[in-house]
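Since the structure is predicted, the reported quantities are computational estimates derived from the model, not experimental observations. Counting from 1, the numbers follow the sequence of the chain as shown. Counting starts at 1 for both ligands and their atoms, in listed order.
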Amino acid sequence: MEENCGMQIERGVSLKPYNSFSLPAVAGTLVRIASDADVRRVVDDPVLGSAPKFVLGGGSNIILTRDMPQIVLKVEVRGIRLVEERADAWIVEAGAGENWHDLVAHTLAHGWPGLENLALIPGTVGASPVQNIGAYGVELKDRFESLDAVDLVTGRTQTLFADTCAFGYRDSVFKNALANRTVITRVRFRLPRPWQPVLGYLDIERRMAETGIHAPNAQQVFDWICAIRRAKLPDPAVIGNAGSFFKNPIVTPEQCRDIIGRDPEIVHYPLPDGSIKLAAGWMIDACGWKGKHVGQAAVYEKQALVLVNRGGAIGSEVMLLAGAIQESVYGRFGIRLEPEPLVV
Ligand code: EPU
């Protein structure tokens with residue numbers, strides 16, 4: 001490790017422990033970012049300042065296929081606090097390096113509910129706006145107030161609001177125009193008061209019917225979501241994965257009718273704008289992929305949308321498997337599946 005103007009520069013760092021798929025790759029240079037000032041030190045450095053950067057959060061939404069020549073900035077900004085208690089909302093701020101699920105649990109324990117449907121999503125707070133995480137009827141954008149980000153050219157901290165973030169389905173400006181141009185250091189959440197549960201999702205309705213609880217509190221919703229996710233999604237601490245590997249494709253009603261004509265069983269959801277979201281997991285499952293593998297990269301047995309590392313997988317095996325799945329889904333349904341994690 002080198003020390004440079006108070007900045008710790010690490011060389012030749014294995015990224016295996018820093019990506020939830022546990023794929024092997026080495027960062028030539030890695031700098032840990034604990035504050036906005038740390039980003040400014042990198043920007044002002046005569047060598048690092050002009051070099052290409054890669055911003056690494058919890059590493060739970062990336063597929064590493066090679067070593068990283070860029071300067072890896074590992075975001076480790078900490079802290080969770082209530083910044084404002086409005087009549088209509090609690091505003092909570094969290095450091096980008098905080099673990100996402102810990103934030104959900106912390107807010108609930110402090111009496112600021114609203115994030116419970118997003119429990120157990122792997123990754124960090126800073127990554128949550130990047131892909132506008134979502135689950136069980138709630139997306140990050142529904143609970144978003146603003147964020148602070150440090151520009152990687154000017155070193156200036158800016159506060160960005162939802163309009164600038166351009167949130168879409170698993171998408172935002174940080175995956176596009178601002179990708180690796182800015183480091184998100186803090187995110188503020190708006191948790192509406194009075195709290196209203198979001199229950200309109202089949203898995204949750206099932207829990208309500210089973211338990212007879214029709215007006216659950218936030219803790220009950222949290223517990224249900226944790227149980228639902230644990231039942232069908234692998235824990236990355238036990239078996240490497242990056243959550244859903246493909247996005248659920250969105251098609252026109254005509255395309256959907258065409259597919260239903262051939263496959264009446266296909267799981268699909270109409271969206272408010274008239275388009276239709278198809279369940280990619282169902283399509284992959286229908287093509288018989290559950291449990292299939294390329295080397296040590298495999299399709300999870302309980303949820304075909306998730307690819308897993310059976311131990312020792314490398315990025316190219318994951319991508320070979322993903323390519324074969326895309327080809328077979330295209331062959332049967334005429335739909336091109338798009339990977340959800342970032343492939344590097
Ligand atoms: N299905 C199958 N076979 C499978 C997988 C799914 O038939 O192998 C069917 C299910 O029975 C269900 C439908 O497909 O009828 C959809 O499955 P599920 O409800 O599990 O949700 P999903 O579409 O697979 C999405 C998100 C998840 C999120 C859940 C719950 C995407 C890409 N994925 O999954 O997000 O947790 O909804 O809201 O939008 C993630 O992004 O990493 C993630 C896990």
Are any of the N/O atoms on Y136, whether in the backbone or the side chain, positioned under 3.5 angstrom from an N/O atom of ligand 1? yes
If you look only at pairs with a residue in residues 70-83, which of them pass as a side chain to side chain donor-acceptor pair (under 3.5 Å), with sequence neighbours excluded? R32-E76, K74-E76, R78-E98, R81-E93
Testing the basics here: between K247 and A280, what is the closest heavy-atom pair and its distance to 0.1 Å? O-CB, 3.7 Å
Check against side-chain hydrogen bond (donor to acceptor under 3.5 Å, both in side chains), N241 and D235: CA-CA 8 Å; N241 74 91; D235 176 355; over 6 Å; no
To check your reading of the model: name the closest protein heavy atom to atom 36 (O) of ligand 1, its residue, and the distance in Å. R229 NH1, 3.1 Å
Could you check whether any heavy atom of K302 sits closer than 4.0 Å to an atom of ligand 1, since that is the contact criterion I want to use? no
Specify the protein heavy atom at minimum distance from atom 23 (O) of ligand 1: its residue, its atom name, and the distance to 0.1 Å. N248 ND2, 2.8 Å
Row check, Y330 ring normal vs R336 NZ/CZ: under 6.0 Å, within 45°: yes
Geometric class of the H101/F222 ring pair [parallel <30°, tilted 30-60°, perpendicular >60°]: parallel
Indicate if L321 and L342 have the same hydrophobic cluster label, given that clusters are the connected sets of ILVMFWY residues with side-chain heavy-atom separations under 4.5 angstrom. yes
Atom 11 (O) of ligand 1 protein-contacted, heavy-atom criterion under 4.0 angstrom: no
Between K290 and Y300, what is the shortest heavy-atom contact and its length? CG-O, 3.8 Å
Relative to the heavy atoms of D285, which atoms of ligand 1 are at a distance of less than 4.0 Å? 2 (C), 3 (N), 4 (C), 7 (O), 8 (O)
Specify the closest pair of heavy atoms between P192 and W90, including all atoms of both residues, with the distance to one decimal. O-CZ3, 3.9 Å
For A279, take its heavy atoms, then give the atoms of ligand 1 lying under 4.0 Å from any of them. 13 (C), 14 (O), 16 (C)
Relative to the heavy atoms of K232, which atoms of ligand 1 are at a distance of less than 4.0 Å? 18 (P), 19 (O), 20 (O)
Check each atom of ligand 1 against the heavy atoms of K290 and keep those under 4.0 Å away; list them by number with element. 8 (O)
One finds that the ligand 1 atoms under 4.0 Å from a non-hydrogen atom of G243 are 42 (O)
So the atoms of ligand 1 within less than 4.0 Å of a heavy atom of A304 turn out to be 4 (C), 5 (C), 8 (O)
Take every heavy atom of Q131, measure it against each atom of ligand 1, and state whether any distance is under 4.0 Å. no
Please write down residue, atom name and distance for the protein heavy atom closest to atom 7 (O) of ligand 1. W282 CD1, 3.3 Å
Ion pair check, D148 and R188, cut-off under 4.0 Å: yes
Per-atom contacts of ligand 1 with R170, taking only distances under 4.0 Å to non-hydrogen atoms: 26 (C), 27 (C), 31 (C), 33 (N), 35 (O), 39 (O), 40 (C), 41 (O), 43 (C)
Work out which heavy atom in F333 is nearest to a heavy atom in D263; give both atom names and the distance. CE2-OD2, 3.4 Å
Does F21 have K16 sitting over its ring (NZ/CZ under 6.0 Å from centre, angle to axis within 45°)? no
Pick, from Y201, Y169, F246, the option with the minimum heavy-atom distance to atom 29 (C) of ligand 1. Y201
Ligand 1 contacted by Y269 (non-hydrogen, < 4.0 Å): yes
Near A135 (heavy-atom distance under 4.0 Å), the atoms of ligand 1 are 36 (O), 38 (O)
Over all atoms of both residues, closest heavy-atom pair of V130 and S172: O-OG, 2.7 Å
If you have a sec, work out which protein heavy atom is nearest atom 6 (C) of ligand 1 and how many Å separate them, to one decimal? Q303 OE1, 3.5 Å
For atom 15 (O) of ligand 1, which protein heavy atom lies nearest, and how many Å away is it? V267 CG1, 3.6 Å
As a check for students: among P122, S244, G134, identify the option with a heavy atom nearest to atom 43 (C) of ligand 1. S244
